[in-house]
Amino acid sequence: MPERQSASSPPPLTALLRAHLDEFGANGKGRLFGSMRAGDGDLSDSYGRVWANARTEALTPDEVASPLARRPYDLRHAAVSTWLNAGVPPTQVAEWAGHSVAVLLRVYAKCIAGQEEAARRSVALALGLPPRDRST
């Protein structure tokens with residue numbers, strides 16, 4: 001069985017995944033989802049078909065035509081970007097994502113946005129200074 005890797009999961013998602021495992025178990029290779037057509041093997045064909053159908057159902061026609069969530073793997077990038085923008089320390093995000101911190105920052109630094117003001121407040125608090133009101 002492959003080595004396990006931990007990752008952050010919101011409680012509602014964890015509950016859904018546990019319920020799925022309770023009902024269906026894991027396949028012979030320890031994977032959460034399997035395909036009747038592929039048996040225990042490669043699921044890429046099944047994922048692609050299901051993903052394309054899900055995008056068509058969930059997104060607007062303009063979004064379907066865009067690169068938004070074009071591949072299931074794009075969700076990994078969305079998760080890592082979300083963790084970073086939520087203020088999770090890069091060392092923790094790198095561990096969850098299975099990256100080194102150097103790789104994480106090289107790939108995702110451009111995705112970190114809107115944190116400058118929070119960072120300035122954190123530094124001011126660490127120095128014992130009153131945070132500045134930058135709205136004036």
Side-chain angles (χ1 to χ4, degrees):
M1 193 165 297
E3 181 181 328
R4 292 178 184 231
Q5 181 178 334
S6 67
S8 174
S9 175
L13 176 58
T14 301
L16 286 170
L17 293 173
R18 287 186 196 276
H20 180 87
L21 278 171
D22 288 345
E23 185 171 346
F24 301 104
N27 72 12
K29 292 188 176 181
R31 294 186 175 136
L32 183 60
F33 301 104
S35 166
M36 294 296 289
R37 188 167 158 203
D40 266 355
D42 183 15
L43 303 177
S44 57
D45 287 345
S46 297
Y47 282 148
R49 282 191 310 277
V50 170
W51 192 255
N53 290 339
R55 283 184 84 241
T56 301
E57 290 294 319
L59 303 176
T60 68
D62 286 342
E63 290 169 334
V64 171
S66 79
L68 176 67
R70 182 153 291 153
R71 308 160 299 164
Y73 190 75
D74 295 334
L75 295 177
R76 183 178 198 281
H77 294 293
V80 171
S81 299
T82 298
W83 295 335
L84 287 169
N85 280 304
V88 177
T91 50
Q92 183 63 65
V93 173
E95 181 180 325
W96 288 343
H99 289 310
S100 68
V101 173
V103 167
L104 177 86
L105 294 177
R106 185 176 67 243
V107 173
Y108 292 98
K110 63 186 173 289
C111 300
I112 302 171
Q115 294 185 2
E116 183 176 353
E117 196 57 40
R120 289 180 185 278
R121 281 193 304 276
S122 294
V123 171
L125 289 171
L127 296 173
L129 301 172
R132 288 184 17 197
D133 180 6
R134 298 179 72 84
S135 63
T136 58

- Message: Tell me whether Val107 shares a hydrophobic cluster with Val93, the cluster being built from Ile, Leu, Val, Met, Phe, Trp, Tyr side chains joined at under 4.5 Å.
- Response: yes

- Item | Within 6.0 Å of CZ in Arg70, more than 12 heavy atoms from elsewhere | yes

- Query: Are any side-chain N or O atoms of Gln115 and backbone N or O atoms of Leu84, one a donor and one an acceptor, separated by less than 3.5 Å?
  - Reply: yes

- Task: Heavy atoms only: give me the nearest Ala124-Pro130 pair and the separation to one decimal.
- Result: CB-O, 4.3 Å

- Query: Under 4.5 Å between side-chain heavy atoms, hopping through other hydrophobics if needed: is there a path connecting Val123 to Leu129?
  - Reply: yes

- State whether the side chain of Glu63 and the backbone N or O of Thr60 hold a donor-acceptor pair below 3.5 Å, judged by distance alone. yes

- Query: Do the side chains of Val88 and Trp96 get nearer than 4.5 Å, heavy atoms only?
  - Reply: yes

- Rounding to 0.5 Å, atoms OG (Ser100) and CD (Glu95) come to a distance of 13.0 Å

- Item | Exercise: identify the closest heavy-atom pair between Leu105 and Pro90 | CD2-CB, 4.3 Å

- Query: At their closest point, which heavy atom of Leu104 faces which heavy atom of Ala94, and how far apart are they?
  - Reply: CD2-N, 4.0 Å

- Query: Roughly how far apart are Arg121 CZ and Glu117 CD, rounded to 0.5 Å?
  - Reply: 5.5 Å

- Query: Sub-3.5 Å donor-acceptor pair from the side chain of Asn53 to the main-chain atoms of Val50, do we have one?
  - Reply: no

- Can any side-chain N or O of Arg55 pair as donor or acceptor with the backbone N or O of Leu68 at less than 3.5 Å? yes

- Query: In Å and rounded to the nearest 0.5 Å, what is the CG to OG1 distance from Leu75 to Thr82?
  - Reply: 10.0 Å

- Query: What's the shortest heavy-atom distance between Tyr108 and Ser81, and which atoms?
  - Reply: CD2-OG, 3.8 Å

- Query: Once you round to the nearest 0.5 Å, how far does CG of Asp22 lie from CG of Leu17?
  - Reply: 11.0 Å

- Reported CZ-to-NE2 distance for the pair Arg106 and His99, which is rounded to 0.5 angstrom: 9.5 Å

- Heavy-atom nearest pair, Ala97 first then Val80, reads CB-CG2, 3.8 Å

